[in-house]
Amino acid sequence: MSEKGKQRSFIESNQRLLMLGVSTFGALLIFNAPTLVHASEVSNSEIVSTQTESTDTSSNSVDEKDDSVTKDIPNDSTKSSEEDQKSDNSVTQQNSQSIQATQAQPSASVQPVAEPNQTQTTIGNSVEDTQTYQEIQQTDRKMNQNQVDIDQAYFGLSGDKEIDRQLNNLGSETAATLNDNGYLIKSDLVNNKKTLVVQGKDATGLFYAINNLNNLINKKSDLTNVNISESPQMSIRGVIEGFYGEPWSQQARKDLFKFMGEHKMNVYIYSPKDDDYLRNNWKELYPQDKLDQIKDLVAAAKKNHVSFVYTLSPGNDITYSSQEDFDKTVAKLNQLKEIGVTQFYIALDDIPLGMTSADSEVFKNHATKNYPNNPWSALADAQAYYVNRVQNEYIKKNNLPDLWLVPTNYSGSQQDPFKEAQGEALDKNIRLQWTGEGVFSGDITDDSVEQAKKTYNSDHIFIWDNFPVNDSDQDRLYLNPLKGRSKSLYKIMDGFTSNPMIQPYASWLGIAGYGDYMWNADTYNPLATQDNIIREMAGDDPDALVAMQSFVDLNQYWDYAATEDKVHAPILSTFINAFEESPYGSANYETNKAKLLERLDIIANTPETLKNMKVTGFYNDSLPWINAASHWAKAMISSINILDKINSGQATSAMLSNDFSMMSDQINQANVKAVPDSRTGKPDLVITPSVGDGVFQNFINKSYEAINNWLGTVALTTSAQKVSSEASTDIPQNEDYAAANMNDGNLNTKFWSNRSIKKGDSIKVDLKDTQEIQRIDIHQGTDDNATSGDLFQSAVIYTANEADGSDKVAVGQVGPTGNYQLNLNQPVKARYLFIISTSNTDNWLQIRDISVFDKTGLNISNIKGTDNSSSQAIFDGTVQTAFTGQLENSQKTGIIEQRFASVNDKHELYLAGKVSGTVYVNVDGNWKELGRVESKQSLNKMTLPAGSIDGIKLVVDSNTGNFVINEFGLS
């Protein structure tokens, strides 16, 4: 007897004992239970052979189908023994009055009488596993609790005689015609009884059908005339946890499995890069506690009809020809197989492109079809040798589904030496994962896949889709819907796995798109899916729903999307455009301003409103971005007030100061570092959340421009001269991107390293002679606006007079910004500069220019910048930037003084910021007090005296705490 048969027999025996010894109280309990029977207990007299015609309006068909794929994805059912499969008899697992008549008759005083509005539910013989039995029981109870208007319901699998007969009575084909995981839900009158039939092509299909039926019941849908026939177009519908950074928690994965089951997805690939036993220490067996965690995940996945796929990533240090390393592989896979894993995956992505000396002795480069001297054939052969051994000596030996593989060269469809060599050597039954034309692919077309199948010499390609993954852009959440995938890919490849974000619950929005798209690309509507998943995650609170919709709108831009799919907060932008297009003072202006402010209020309140959403994991994942959005919305409300007042023509410093202060404070809070770097595993908050896709900043910039115009700001120019210099570095260069390009004065040339930056890497700048310097400009990365990519993440700038740097003194710190400028408080004598990295990074380095300047006329004393703040912001001509400072000795005043070429055409001095002190101007060679500024007023204008002016000065009051200066100058 099968294990499930034993379980059923045990339950049946208990139920018989219960019914034979029933008391009056027990009978009352049974009378109130739903009616549930097994197929063998239904009288044949209830079956009729004719029925009204039923038209299938939602059937999905697949033109091409690879039956072998299903074998790679085990479902959650337990197969019966051969005797069980042949038998049409069954046992009953139920607790209702209708069963009693067939199994044991209680005394006459407790004869069961059918309750009105109760459905008699029959479970087909094909339902073999306890879990499915229990799910049907729960649905049966729900139907009766909700007074569903159905007289009789039937549940079972394709090929079940009783369920097939009932479908025939309904005039319907059976689920046998559907793809694996497909299902039917049909209902109509049979012999004057309202009959519902639920059939899955397999246990997973029945699981999906039950979920769908429960959703219909929850929605109070009419179930008397249902005609649903659904079938997936893709056989692999999954998620790969394949990002770099802190792996997901155990609970997050379990919640994902439940979510996947509800959205008809069937594959989870366990491939977290930071699982040391999967990648860095792959040769070591899991300790028992960690193995137990994976075993727990395997069981949770199975419960939700999700195939748990285990990945081994040995490429960092493997010797492909080594018997010892192969034995280590087998031992590891055996350990996972023993806890229930049946599908295995080898990941050779993002590994060194060399071989060990032992492999180099075995594998030699050779000619391939299109490359007479193929330079990558040895490595390709080495990898194929190892992977083929796993496939043939382990996978086939253990009768497991074919091996899955992500190759080292995993993107692009064009022919190249590595793909060709590996395609010639690799076992054709191994399934390959491919990321599309790029590592990130904005679109994936039929032609691209067809070309890739030829290039890789494989008919078994499925896609590792790097969306919505954000491990390389950790400041972003990608909440935009899945777009850009051909609707007919299901005809030519096996499926997709989505690589999600570091934030598991926030990833559900993108994952839901894959679920709908892979199930039926023909009917997939990205915006409809997005709206549905937002509603599902928000729950029943209408305010949470609106807040969720508003927040998701702020995270819609994806760098790699096709041009037509790149959008910037499209809903918020609509409100802004309507406001900006309305003439100031008109009725439309006031109406559209009110609508925009209402929208901003919703966003401003999201930290509180979204606490009530259904999926609290999303709230917790997204909280740094939710808070940032709230601050940006509040800042934008203040910016609207500023524009209103300036446009009125009546603005004064006092009128504008409060709004300017509020806007500045909220922007500062929005820019707080609130996210840890997941790739380091450290809890330190080092990343600023980016939200709004630039829409907030673009609008607020107009307020800055309005204030600049109102103040009349102009950047102060100094007479500093560029110093001749010569750069060198110990960092190896990429191709001909030499160190000399760093100081040739041309931003279009550059130094470019050929590896990632390591702690201690240095650049040396020789100034040819010891001289006074005060300003250093560094242009790094791809452009001046870059904040990530090929940049120093952190580096210290030193000045020195000795060539070996033995007397070096730290003067500044470079961060990840494309245009870094260091203004020293006073001139410093130096012959050399050293820029030394203080951290290891994953990125390479590009330096487009390093310029050094002599004295700038700046004199700052008893003041230091905080948070790497640069004094450049004080005189750059815009209130948008700010210098934040504090007194080094709080008992003394601080001085900020700037000298420049004398001017005679200026009429006002302006100072924007929160600082208390006394303002002076140098008129005709003498310093003259102009007046006081106070921190409570953030915008100040003062009338200049007549004469030639060549300097301005602010003396900051002693005992002043942290202060801010946005701009200081003349107009």
*asked:* Looking at Arg237 and Lys264, would you say the former's side chain and the latter's main chain have a donor-acceptor pair under 3.5 Å?
replied: yes
*Does a side-chain heavy-atom distance below 4.5 Å link Tyr517 with Gln233?*
no
*Of the non-hydrogen atoms in His460 and Ile430, which two are nearest, and what is the gap between them?*
CB-O, 4.1 Å
*How about Trp248 and Ile502: do any of their side-chain heavy atoms sit closer than 4.5 Å?*
no
*Ring centroid separation for Trp558 and Phe467, is it under 6.0 angstrom?*
yes
_Residues Trp404, Tyr310; criterion ring-ring contact (aromatic ring centres under 6.0 Å, His included); working and verdict_ = CA-CA 10 Å; Trp404 293 357; Tyr310 180 80; over 10 Å; no
*asked:* How long is the straight-line distance from CG of Leu189 back to OG1 of Thr224, given to the nearest 0.5 Å?
replied: 8.0 Å
*CG on Leu403 to CD1 on Ile395, rounded to 0.5 Å*: 5.0 Å
*asked:* Testing the 3.5 Å rule here: is there a donor-acceptor pair between the side chains of Lys201 and Asn181?
replied: no
*Partners meeting side chain to side chain contact (heavy atoms under 4.5 Å, CB included) with Asp621 (sequence neighbours left out)*: Gln503, Pro504, Tyr505, Ala506
*For residues 526-539, which residue pairs qualify under salt bridge (Lys or Arg N to Asp or Glu O under 4.0 Å), counting only residues two or more places apart or in two chains?*
Asp531-Arg535
*Derivation of the side chain to side chain contact (heavy atoms under 4.5 Å, CB included) call for Leu312 and Leu278*: CA-CA 5 Å; Leu312 191 66; Leu278 179 152; 5.7 Å; no
*Indicate the ring-plane relationship of Tyr514 and Phe496, choosing parallel, tilted or perpendicular according to the 30° and 60° boundaries.*
tilted
*asked:* I'd like to know whether CG of Asn218 has more than 12 heavy-atom contacts from other residues, nucleotides or ligands below 6.0 angstrom.
replied: yes
*Using a distance-only test with no angle check, is there a side-chain donor-acceptor pair under 3.5 angstrom linking Gln134 and Gln138?*
no
*Verdict with reasoning, Leu256 to Val239, per side chain to side chain contact (heavy atoms under 4.5 Å, CB included)*: CA-CA 9 Å; Leu256 172 72; Val239 173; 4.1 Å; yes
_Could you measure the distance from the CD1 atom of Ile463 to the CD1 atom of Ile240? Nearest 0.5 Å is fine._
13.0 Å
*If we only count heavy atoms from C-beta on, is the Ile185 to Tyr208 side-chain gap below 4.5 Å?*
no
*Is a side-chain donor or acceptor of Asn398 paired with a backbone partner of Leu400 at a separation under 3.5 angstrom?*
no
_Would you say Thr529 and Asn532 are linked by a side-chain donor-acceptor pair, where the criterion is simply a distance under 3.5 Å?_
no
_salt_bridge(Asp540, Lys614) N-O dist < 4.0 Å_ = no
_Looking only at side-chain N and O atoms, does Glu241 offer a donor or acceptor that is under 3.5 Å from a partner on Tyr268?_
yes
*Passes side chain to side chain contact (heavy atoms under 4.5 Å, CB included), Trp508 versus Val615? Steps please.*
CA-CA 10 Å; Trp508 285 11; Val615 181; 3.9 Å; yes
*What's the spacing between Met537 CE and Phe618 CZ if we round to 0.5 Å?*
5.5 Å
*So, the side chain of Lys219 versus the backbone of Asn214: is there a donor-acceptor pair under 3.5 Å, distance only?*
no
*asked:* Just to verify, what does Lys142 make a salt bridge (charged side-chain N to carboxylate O under 4.0 Å, His left out) with, not counting sequence neighbours?
replied: none
*Contacts of Lys295 that satisfy salt bridge (charged side-chain N to carboxylate O under 4.0 Å, His left out) - sequence neighbours left out*: none
*Does a side chain donor of either Asp494 or Ser235 reach within less than 3.5 Å of an acceptor in the other side chain?*
no
*For Met613, does its backbone N or O pair with a side-chain atom of Asp541 as donor and acceptor, under 3.5 Å?*
no
*Just by distance, with hydrogens left out, do Asn212 and Tyr183 show a side-chain donor and acceptor under 3.5 Å apart?*
yes
_Atom of Pro247, atom of Asp275 and distance for their closest heavy-atom approach_ = CG-N, 4.4 Å
_Donor-acceptor pair between Ser307 and Asn266 side chains, under 3.5 angstrom_ = no
_Working for side chain to side chain contact (heavy atoms under 4.5 Å, CB included), residues Trp464 and Asn499_ = CA-CA 7 Å; Trp464 172 324; Asn499 192 14; 3.5 Å; yes
_Side-chain touch His263/Met260, heavy atoms, less than 4.5 angstrom_ = no
*Whether Gln166 side chain and Glu162 backbone form a donor-acceptor pair below 3.5 Å*: no
*Find out whether Met548 and Leu610 are in side-chain contact, i.e. whether some heavy atom of one side chain is under 4.5 Å from a heavy atom of the other.*
yes
_Exercise: identify the closest heavy-atom pair between Leu170 and Ser187_ = CD2-C, 4.1 Å
*Heavy-atom pair with the smallest gap, counting every atom of Leu184 and Ser229*: CD2-OG, 3.3 Å
*Any sub-3.5 Å donor-acceptor pair from Ser448's side-chain atoms to Ile444's backbone N or O?*
no
*Does the side chain of Trp434 come within less than 4.5 Å of Ser441's, by heavy atoms?*
no
*Are side-chain N/O atoms of Thr119 and Thr121 paired as donor and acceptor at under 3.5 Å?*
no
*Close side-chain approach of Leu223 and Val226, heavy atoms under 4.5 Å*: yes
*asked:* Is the distance from the ring center of Tyr270 to that of Phe308 below 6.0 Å?
replied: yes
_Asp465: which residues meet the salt bridge (charged side-chain N to carboxylate O under 4.0 Å, His left out) condition with it, sequence neighbours left out?_
Arg485
*Closest approach of Ser158 and Gln199, non-hydrogen atoms and distance?*
CA-NE2, 3.5 Å
*Using modelled atom types only, decide if a donor and an acceptor are shared between the side chain of Thr177 and the backbone of Thr174 within a distance under 3.5 Å.*
yes
*What pairs with Lys254 under salt bridge (charged side-chain N to carboxylate O under 4.0 Å, His left out), at least two apart in sequence or on another chain?*
Asp296
_Lys453 (side chain) donor-acceptor with Ile492 (main chain) under 3.5 angstrom_ = yes
*Are Asp151 and Lys194 close enough for a salt bridge, meaning some N to O gap below 4.0 Å?*
no
_Using only atom types and a distance under 3.5 Å, with no angle test, would you say the side chain of Asp202 pairs donor to acceptor with the backbone of Thr204?_
yes
*asked:* Measuring from atom CD of Gln152 to atom OG1 of Thr195, what distance do you get when rounded to the nearest 0.5 angstrom?
replied: 3.5 Å
*If you take all heavy atoms of Glu262 and Asn211, which pair is closest and at what distance?*
CA-ND2, 4.1 Å
*asked:* Would you say NZ of Lys258 has more than 12 non-hydrogen atoms from neighbouring residues, nucleotides or ligands within 6.0 angstrom?
replied: no
_So, taking the atom named CG in Asp443 and the one named OG1 in Thr445, what distance separates them when rounded to the nearest 0.5 Å?_
6.5 Å
*Check whether any side-chain heavy atom of Leu477 sits under 4.5 Å from a side-chain heavy atom of Phe551, and report yes or no.*
yes
